[in-house]
Amino acid sequence: MAQNGVAQSDRSSLHGQWSSRFAFVLAVSGSAVGLGNIWKFPYIAGQNGGGAFVLVYLFCVFCVGLPIMMSEVLLGRRGRRNPVSTMALLGEEESGTAAWGLVGASGAIAGFLILSFYSVIAGWTVAYIFKSMSGAFADPTAASVGAVFGSIAGSVEESGFWHTLFLGATIVLVALGVERGIERAVKFMMPALFIIMLVLLGYSMNMGEFERGFNFMFEPDFSKLSSQMILAAMGQAFFTLSIGMGAVMAYGAYLPQDASIVRTSFAVVCVDTAIAVLAGLVIFPIVFANDLDPTSGPGLIFQTLPLAFGQMPGGMYVAALFFLLLAFAALTSAISLMEPAVVWLMEVRDFSRPVAASLVGLVIWSLGFLTVLSFNTLSDFTFLKGTFFDNIDFLTSNIMLPLGGLAITVFCGWVMCTQSSVSELDPEAGSSYEIWRLLSRYVAPVALILVFLNAIGVFA
Ligand code: PHE
């Protein structure tokens with residue numbers, strides 16, 4: 001029972017429940033696994049010098065990300081509303097103020113902003129399905145693959161077209177409200193993606209500079225540690241786990257009361273981490289074998305993987321299948337980026353699902369052109385952190401998500417009464433509850449605050 005007497009079981013979701021615990025794990029993994037693992041993790045690790053970054057990243061994922069993911073699921077299931085109303089409702093119950101709803105609102109805005117660039121990159125992966133099939137990567141050299149990438153990212157029309165196509169698909173799926181049916185697709189897609197990654201790993205081990213790639217990722221060079229790098233690692237942990245913006249909270253709202261939050265969250269975090277590490281192990285050996293630059297940024301996978309595919313028997317088809325699966329993985333993440341804002345408009349403003357999805361989609365589509373242009377016409381127009389893309393990415397991943405996460409962990413660890421969190425995490429109770437509580441109350445908030453203070457130069 002919560003303080004004011006609302007038993008959590010009295011509240012049911014406005015939109016039904018997941019069919020099983022497994023369905024929930026699939027949906028949250030669908031949200032978590034995406035471009036963040038395969039596109040972003042390798043290039044951010046590359047830009048930040050490898051090993052030391054990876055180590056900090058793993059700490060952030062398990063000691064900060066995991067407890068926050070559990071907290072988000074817990075809040076979602078307890079509130080059983082969209083993230084804005086859930087935070088307002090629980091804030092009211094636990095501390096007498098609905099102002100906590102702001103956390104949900106800023107998360108929905110972060111989702112908007114992230115999807116605006118996410119859709120552009122996902123558009124490139126869709127373009128790559130067709131490029132692969134047309135034989136553009138037969139007999140590839142680093143130069144020819146770079147030229148293909150340049151012709152897509154460098155063209156407003158091309159990049160804008162694929163962005164429109166990808167976002168259009170996202171809007172249609174969200175409008176149809178089939179995201180809960182997506183779990184069925186995820187069930188096949190994720191293992192398939194994993195298998196292709198293993199095939200690629202085999203290639204990297206044989207043809208790439210595997211040892212160099214491996215050492216780059218796992219031999220920490222602590223001279224590379226810097227405040228900005230630690231912030232980037234924290235940001236990447238939030239981005240890849242889909243936490244800090246309400247996506248997981250929105251999905252938690254449909255979680256059956258008897259499902260274990262600890263075990264489901266742990267499973268998702270392990271799957272997500274395994275795929276990111278695998279992606280790094282595939283990509284860096286290819287980077288080094290072809291004298292490419294690990295710090296080259298957002299084009300990294302688009303300039304490396306085709307080199308591997310081009311040298312495999314039937315590589316054309318394997319490449320097309322890989323980019324298709326990656327586009328699907330991105331789609332399941334994109335849906336979750338839109339979900340909080342859409343459900344909020346539906347519940348609060350009484351819009352129908354299609355209207356809410358179209359409205360949100362239109363704003364995101366327009367914003368997306370800032371990213372499209374960042375790789376061509378406006379690539380030299382830089383301010384603060386770089387191009388528009390760099391700034392939107394920095395603002396969302398490195399500031400908004402970690403701040404959202406800080407608010408969530410403070411709420412669960414300090415504001416919410418113990419009884420409430422015990423009653424949600426109860427089925428497993430015991431030591432996992434104690435560990436969660438320790439991480440939520442002390443480790444996660446302290447780590448986040450230190451990372452922020454450090455980044456703004458307080459300790460310099
Ligand atoms: N986690 C997703 C990925 O790795 C991106 C995402 C971020 C999705 C935040 C939802 C919320 O691709």
Side-chain angles (χ1 to χ4, degrees), residues 25-45 57 60-61 65-66 68-69 72-73 76 83 103-104 106-125 166-167 170 173-174 179 182 186 189-190 193 197 232-252 265 268-280 298 301 325-343 360 364 371 392-405 408:
V25 172
L26 284 174
V28 181
S29 322
S31 167
V33 175
L35 297 174
N37 309 60
I38 293 170
W39 160 73
K40 200 172 182 195
F41 172 74
Y43 92 73
I44 299 266
Y57 164 81
C60 293
V61 162
L66 176 60
I68 292 182
M69 179 176 277
E72 257 197 57
V73 181
V103 176
S106 100
I109 294 169
F112 257 64
L113 293 172
I114 294 175
L115 189 50
S116 80
F117 71 77
Y118 203 84
S119 163
V120 176
I121 315 296
W124 297 348
T125 69
F166 180 84
L167 193 62
T170 310
L173 290 179
V174 174
E179 53 271 53
I182 293 278
V186 176
M189 213 190 67
M190 296 244 290
L193 188 65
M197 302 277 294
M234 185 65 93
Q236 174 61 15
F238 275 79
F239 185 87
T240 192
L241 298 178
S242 302
I243 53 176
M245 55 77 61
V248 172
M249 205 186 287
Y251 282 177
S265 307
V268 172
V269 171
C270 289
V271 168
D272 190 85
T273 306
I275 295 194
V277 168
L278 197 52
I301 64 157
L325 291 169
L326 184 55
F328 264 115
L331 196 59
T332 53
S333 303
I335 290 172
S336 74
L337 281 163
M338 236 171 128
E339 180 75 6
V342 169
V343 185
V360 172
I364 293 173
T371 292
I392 300 175
D393 176 33
F394 184 86
L395 173 69
T396 50
S397 307
N398 295 4
I399 300 179
M400 295 180 84
L401 299 185
L403 272 185
I408 287 167

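These numbers come from a predicted model, not from an experiment. Each ligand, and each atom within it, is numbered from 1 in the order the structure gives.
- The N/O atoms of Thr240, backbone and side chain alike, include one that comes under 3.5 Å of an N/O atom in ligand 1.
- Note: no N/O pair closer than 3.5 Å links Val33 and ligand 1 by distance alone.
- For atom 8 (C) of ligand 1, the nearest protein heavy atom (residue, atom name, distance) is Ser242 OG, 3.2 Å.
- Just one of Leu325, Asn37, Ile38 meets the side-chain contact (heavy atoms from CB on, under 4.5 Å) condition when paired with Met197; it is Ile38.
- Trp39 contributes no side-chain N or O that, together with a main-chain N or O of Ile301, makes up a donor-acceptor pair within less than 3.5 Å.
- For the pair Ile44 and Tyr57, the minimum side-chain heavy-atom distance is 4.5 Å or more.
- Between the side chain of Thr332 and the main chain of Gly30, a donor-acceptor pair closer than 3.5 Å is present.
- Contact of the Met400 side chain with the Ile114 side chain is not registered, since no non-hydrogen atoms from C-beta on lie closer than 4.5 Å.
- Residue contacts with ligand 1 do not include Trp39, since none of its heavy atoms lies under 4.0 Å from the ligand.
- Using a 4.0 Å cut-off between heavy atoms, Phe238 makes no contact with ligand 1 at all.
- Counting heavy atoms closer than 4.0 Å to ligand 1, residue Met245 contributes side-chain atoms (C-beta onward) but none from N, CA, C or O.
- Here's the thing with Ile243: none of its N/O atoms is less than 3.5 angstrom from an N/O atom of ligand 1.
- Ranking protein heavy atoms by distance to atom 11 (C) of ligand 1, first place goes to Leu337 CD2, 3.3 Å.
- Under the 30°/60° scheme for interplanar angles, the aromatic rings of Phe117 and Phe239 are found to lie parallel.
- A donor-acceptor distance shorter than 3.5 angstrom exists from the side chain of Ser333 to the backbone of Ala329, with no hydrogens or angles considered.
- Ligand 1 places these atoms under 4.0 Å from at least one heavy atom of Leu35: 12 (O).
- When only interatomic distances are considered, the shortest N/O to N/O separation between Phe239 and ligand 1 falls below 3.5 Å.
- A donor-acceptor distance shorter than 3.5 angstrom exists from the side chain of Gln236 to the backbone of Gly36, with no hydrogens or angles considered.
- Nearest protein neighbour of atom 12 (O) of ligand 1, counting heavy atoms only, is Tyr118 OH, 2.4 Å.
- Atoms of ligand 1 lying under 4.0 Å from any heavy atom of Ser31, numbered from 1 in the order shown and given with element: 1 (N), 2 (C), 8 (C), 10 (C).
- The two atoms that bring Tyr251 and Ser31 nearest to each other are CE1-CB, 4.1 Å, heavy atoms only.
- When only non-hydrogen protein atoms are considered, atom 3 (C) of ligand 1 lies nearest to Ala32 O, 3.2 Å.
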